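Take a look at the structure set out below.
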Amino acid sequence: MEKKNRLYFYSIILLFLVLVSTVLGIFHLYWWYYPIGVVMGLITHLLMVIQNRRFYRIQMNDVEKVLFHPKKDSFLWYGLRILVILLFLAIVFILAYNFHKDRLLETTLMVLGGFMTVKVVFIIILIIFKEGR
């Protein structure tokens, strides 16, 4: 993504975050779990961007290209992203279990909703900007 596209991406994510958190707060739901999911989605997106830049840089350098093992490297990056997701979900589950035992499903869905918002907005922006070229 270009710098202009990244600005659109982050501003649309921030707009969705404020909008959805406000609606959740109006309906007296636990809105503060939604931003946790958005942060989790942004961190995993950032890890994906770092991985893609690294792959591109390695493909341009002949010395690194010879020593590069794409299967092993991809496995490690996917494992890191899964570890981040599991860590966030474990923290949210512990928080929700200690403070809101009766609403565990709601808090988990809030976090997953924030995570999926980032992914869906990224895909939509990618389709819009790729189709516009």
Side-chain angles (χ1 to χ4, degrees):
M1 293 176 85
E2 299 171 4
K3 286 189 184 261
K4 187 169 90 173
N5 294 355
R6 277 189 256 150
L7 180 63
Y8 288 138
F9 176 69
Y10 294 125
S11 61
I12 289 174
I13 291 293
L14 182 64
L15 177 71
F16 271 115
L17 174 67
V18 170
L19 243 158
V20 172
S21 294
T22 304
V23 170
L24 292 172
I26 289 172
F27 288 111
H28 303 289
L29 299 173
Y30 295 137
W31 64 270
W32 52 88
Y33 287 104
Y34 185 79
I36 293 172
V38 170
V39 168
M40 180 176 66
L42 288 174
I43 289 174
T44 56
H45 178 74
L46 180 66
L47 288 173
M48 182 185 67
V49 169
I50 292 170
Q51 175 190 9
N52 289 339
R53 284 186 185 161
R54 184 172 182 275
F55 282 174
Y56 182 74
R57 181 184 49 97
I58 288 173
Q59 292 303 318
M60 295 297 132
N61 190 345
D62 291 333
V63 175
E64 287 181 335
K65 193 176 188 179
V66 173
L67 301 172
F68 180 61
H69 301 288
K71 189 174 183 180
K72 187 188 308 182
D73 203 61
S74 293
F75 182 74
L76 289 173
W77 279 99
Y78 283 119
L80 180 63
R81 286 195 301 234
I82 289 172
L83 181 69
V84 166
I85 292 169
L86 291 177
L87 183 68
F88 266 87
L89 288 177
I91 290 170
V92 166
F93 183 77
I94 291 169
L95 283 172
Y97 187 76
N98 288 333
F99 297 112
H100 315 289
K101 286 185 183 182
D102 57 335
R103 295 174 94 175
L104 284 175
L105 181 63
E106 178 187 341
T107 57
T108 305
L109 290 177
M110 294 285 177
V111 172
L112 292 177
F115 179 74
M116 293 309 295
T117 301
V118 172
K119 298 302 177 185
V120 168
V121 168
F122 171 70
I123 291 170
I124 289 171
I125 288 177
L126 193 65
I127 289 172
I128 288 171
F129 284 108
K130 289 290 182 181
E131 293 296 322
R133 290 183 190 175

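If you're wondering where the values come from, they're calculated on a predicted model, not measured in any experiment.
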Original post:
Are K101 and Y97 in a cation-pi contact, defined as NZ or CZ under 6.0 Å from the six-membered ring centre and within 45° of the axis?
Top reply: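 Pair K101/Y97 counts as cation-pi.
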Using the rule that Ile, Leu, Val, Met, Phe, Trp and Tyr join whenever any side-chain heavy atoms are under 4.5 Å apart, tell me whether [X] and [Y] fall into a single cluster.
| X | Y | result |
| --- | --- | --- |
| V23 | V111 | yes |
| L104 | I91 | no |
| V49 | I125 | no |
| L42 | L83 | no |
| F99 | V92 | yes |

Point-to-point distance, once rounded to the nearest 0.5 Å, from [atom1] of [X] to [atom2] of [Y]:
| X | Y | atom1 | atom2 | result |
| --- | --- | --- | --- | --- |
| M110 | T108 | CE | OG1 | 10.5 Å |
| M40 | H45 | CE | NE2 | 14.5 Å |
| L47 | I82 | CG | CD1 | 12.0 Å |
| F122 | I127 | CZ | CD1 | 10.0 Å |
| L17 | I12 | CG | CD1 | 13.5 Å |
| Y30 | L109 | OH | CG | 14.0 Å |

**OP:** Spell out, as yes or no, whether a donor-acceptor pair under 3.5 Å connects the side chain of T44 to the backbone of G41.
**Re:**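 A pair under 3.5 Å: yes.
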Quick one, [X] and [Y] - any side-chain contact, counting heavy atoms below 4.5 Å?
| X | Y | answer |
| --- | --- | --- |
| I43 | V39 | yes |
| F55 | D73 | yes |
| L29 | Y34 | no |
| Y56 | M60 | yes |
| L89 | L112 | yes |

Subject >> Closest non-hydrogen atom pair between H28 and R103, with its separation >> reply: O-NH2, 4.0 Å
Original post:
Which pair of heavy atoms, one from I13 and one from T117, lies closest together, and at what distance?
Top reply: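 It is CD1-O, 4.2 Å.
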Subject >> Geometric class of the Y33/H100 ring pair [parallel <30°, tilted 30-60°, perpendicular >60°] >> reply: perpendicular
**OP:** Evaluate whether atom CH2 of W77 has more than 12 neighbouring non-hydrogen atoms of other residues, nucleotides or ligands under 6.0 angstrom away.
**Re:** yes
Subject >> Steps toward side-chain contact (heavy atoms from CB on, under 4.5 Å) verdict (F115, I85) >> reply: CA-CA 9 Å; F115 179 74; I85 292 169; 3.8 Å; yes
